[in-house]
There are 2 protein chains.
Amino acid sequence: MLATPSTDCSIQRTLDLIGDRWTLLIVRDLFRGVRRFSRIHEDLGIAKNLLTDRLSLLVDAEIVERTPYQQRPLRHEYRLTAKGRALSPTLVAMMRWGDEWCSGGQSPTELVHDDCDTRLELQCWCTTCNVPVPPTQIDSRPGPGRALNTAKAAHG
Amino acid sequence: MLATPSTDCSIQRTLDLIGDRWTLLIVRDLFRGVRRFSRIHEDLGIAKNLLTDRLSLLVDAEIVERTPYQQRPLRHEYRLTAKGRALSPTLVAMMRWGDEWCSGGQSPTELVHDDCDTRLELQCWCTTCNVPVPPTQIDSRPGPGRALNTAKAAHG
DNA sequence: GAGGTTAGTTGCATATCGAAACCAACTTCC
DNA sequence: GGAAGTTGGTTTCGATATGCAACTAACCTC
């Protein structure tokens with residue numbers, strides 16, 4: 001969680017916010033509806049001081065918001081913001097990878113389409129052609145956010 | 001990088017392997033074709049002892065393989081295995097998130113569909129309905145890899 | 001008013017990190 | 001043939017982060 005000297009890489013910037021051992025697990029719990037300090041604490045087994053620290057970093061980063069769920073005694077819960085919910089594909093990607101490569105292809109939990117109960121895949125999607133795009137049809141190029149760099153074969 | 005007591009969660013298992021500040025950046029460099037110790041070292045600014053450590057963990061995890069690229073002096077380079085290349089969607093997801101939320105929507109690098117040059121989104125895809133599935137239409141259920149757990153609203 | 005619940009803070013031992021120095025096996029330059 | 005450079009590390013050590021346990025505070029229930 002260092003202030004890295006702003007390299008022009010979105011992966012780097014993302015990891016600066018969520019790239020430690022606990023943060024994404026906290027976000028996962030919030031997705032699952034585990035929203036209170038004590039519940040997250042017991043679910044993850046994270047030390048309380050670290051949980052306090054990580055939650056406040058997440059709130060600072062506007063990934064999570066802290067809202068009261070009762071007065072007297074005043075208690076807060078933690079909820080994902082739109083920015084936080086946008087981490088969904090990242091978590092899904094990790095989950096699918098873990099399923100495939102760390103659990104012998106057997107998912108502990110499956111994600112399915114609520115309409116038809118089909119197990120979901122994660123893919124790149126072209127909004128123009130309206131088709132999924134496999135890795136082989138992906139090109140990369142320097143984007144509007146700072147150029148100057150070579151950015152040749154930037155990904156796969 | 002602790003030996004976590006095997007919780008039934010693929011996200012957890014994935015983070016046990018790649019969930020620290022450097023590992024995914026190393027993987028990103030390998031995707032980009034930066035494969036040698038000294039090049040990764042200077043590109044990331046990572047301490048050499050940590051790079052040695054992380055590379056050997058990646059090799060142990062079979063995400064990376066170490067192969068000689070010359071004899072006399074014997075030198076090795078690091079290449080992604082199939083398991084490592086399968087991390088592509090995870091990196092793409094993080095890249096898109098960082099573009100959207102940490103770079104003011106301005107991508108330093110864009111991924112585009114080679115057919116039509118449209119910037120790509122990463123989404124869940126239902127192979128039955130042949131449509132992209134937004135987070136709100138995702139359900140989750142216990143999978144074949146170990147059941148017993150409650151696994152109610154597990155994701156979105 | 002004793003005990004429980006929730007959400008923390010504080011203090012301290014230990015583990016991990018980061019920077020720099022050092023090392024070894026070569027190669028190239030002069 | 002000796003000096004300096006390159007690559008890929010290992011070692012050392014002070015700084016930082018982590019994990020555990022104890023403590024606190026505000027309230028509620030019995």
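Excluded from the calculations below are hydrogen atoms, water molecules and symmetry mates; all remaining heavy atoms, backbone and side chain alike, are included. Below, chain A is the first sequence line, B the second, and so on; all start at residue 1.
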Rounded to whole Å, CG of A:Leu50 lies from P of C:dA15 at a distance of 16 Å
Run the side chain to side chain contact (heavy atoms under 4.5 Å, CB included) check on A:Val131 and B:His113 step by step: do they pass? CA-CA 10 Å; A:Val131 293; B:His113 188 192; 4.1 Å; yes
Starting at atom CG of B:Asp53, determine the distance to atom P of D:dT12, rounded to an integer number of angstrom. 17 Å
Is the phosphate of C:dC17 approached by B:Trp22 (side-chain N or O, under 4.0 Å from OP1 or OP2)? no
Considering only C:dT6, D:dA17, D:dG9, which nucleotide approaches the side chain of A:Ser38 most closely? C:dT6
Report yes if the side chains of B:Thr67 and B:Arg79 come closer than 4.5 Å at any heavy-atom pair, otherwise no. yes
Considering only heavy atoms, which members of residues 71-79 of chain A lie under 4.0 Å from some atom of DNA chain D? A:Arg72, A:Pro73, A:Arg75
Between P on C:dT6 and CG on A:Leu55, what's the gap in Å once rounded to a whole number? 16 Å
Picking from D:dG8, D:dG19, C:dG18, which would you name as closest to the side chain of A:Arg21? D:dG19
Start with the C-alpha gap between B:Ser107 and B:Thr109, add the side-chain angles, then the distance that decides, and say whether side chain to side chain contact (heavy atoms under 4.5 Å, CB included) holds. CA-CA 5 Å; B:Ser107 323; B:Thr109 302; 5.7 Å; no
CG of B:Leu51 versus C1' of D:dG9: gap in Å, rounded? 10 Å
Listed by chain and number, what are the salt bridge (charged side-chain N to carboxylate O under 4.0 Å, His left out) partners of B:Asp115, not counting sequence neighbours? none
For A:Leu17 and B:Cys102 the tightest heavy-atom approach is CD1-SG, 3.7 Å
Could you list the residues that satisfy side-chain hydrogen bond (donor to acceptor under 3.5 Å, both in side chains) with B:Asp117, not counting sequence neighbours? A:Arg141
To the nearest Å, how far apart are A:His41 NE2 and D:dA22 C1'? 13 Å
I need the CZ-P distance between B:Arg54 and C:dG18, as an integer number of Å. 8 Å
Expressed in angstrom and rounded to an integer, what is the separation of A:Ile46 atom CD1 from D:dG19 atom C1'? 10 Å
Taking any heavy-atom pair under 4.0 Å as a contact, classify B:Arg66: base, sugar-phosphate, or nothing. sugar-phosphate
Whether B:Thr52 contacts D:dG8 is assessed here as follows: a side-chain N or O lying under 4.0 Å from the phosphate OP1 or OP2. Is that the case? no
Closest to side chain of B:Asn49, choosing from C:dT6, D:dT11, C:dT10: D:dT11
Specify the separation, in whole Å, of atom NZ of B:Lys48 and atom C1' of D:dT10. 9 Å
Per atom distances to the B:Ala47 side chain, the nearest of D:dG19, C:dA7, C:dG18 is C:dG18
Is it the case that B:Asn49 and B:Thr52 place a side-chain donor and acceptor less than 3.5 Å from each other? no
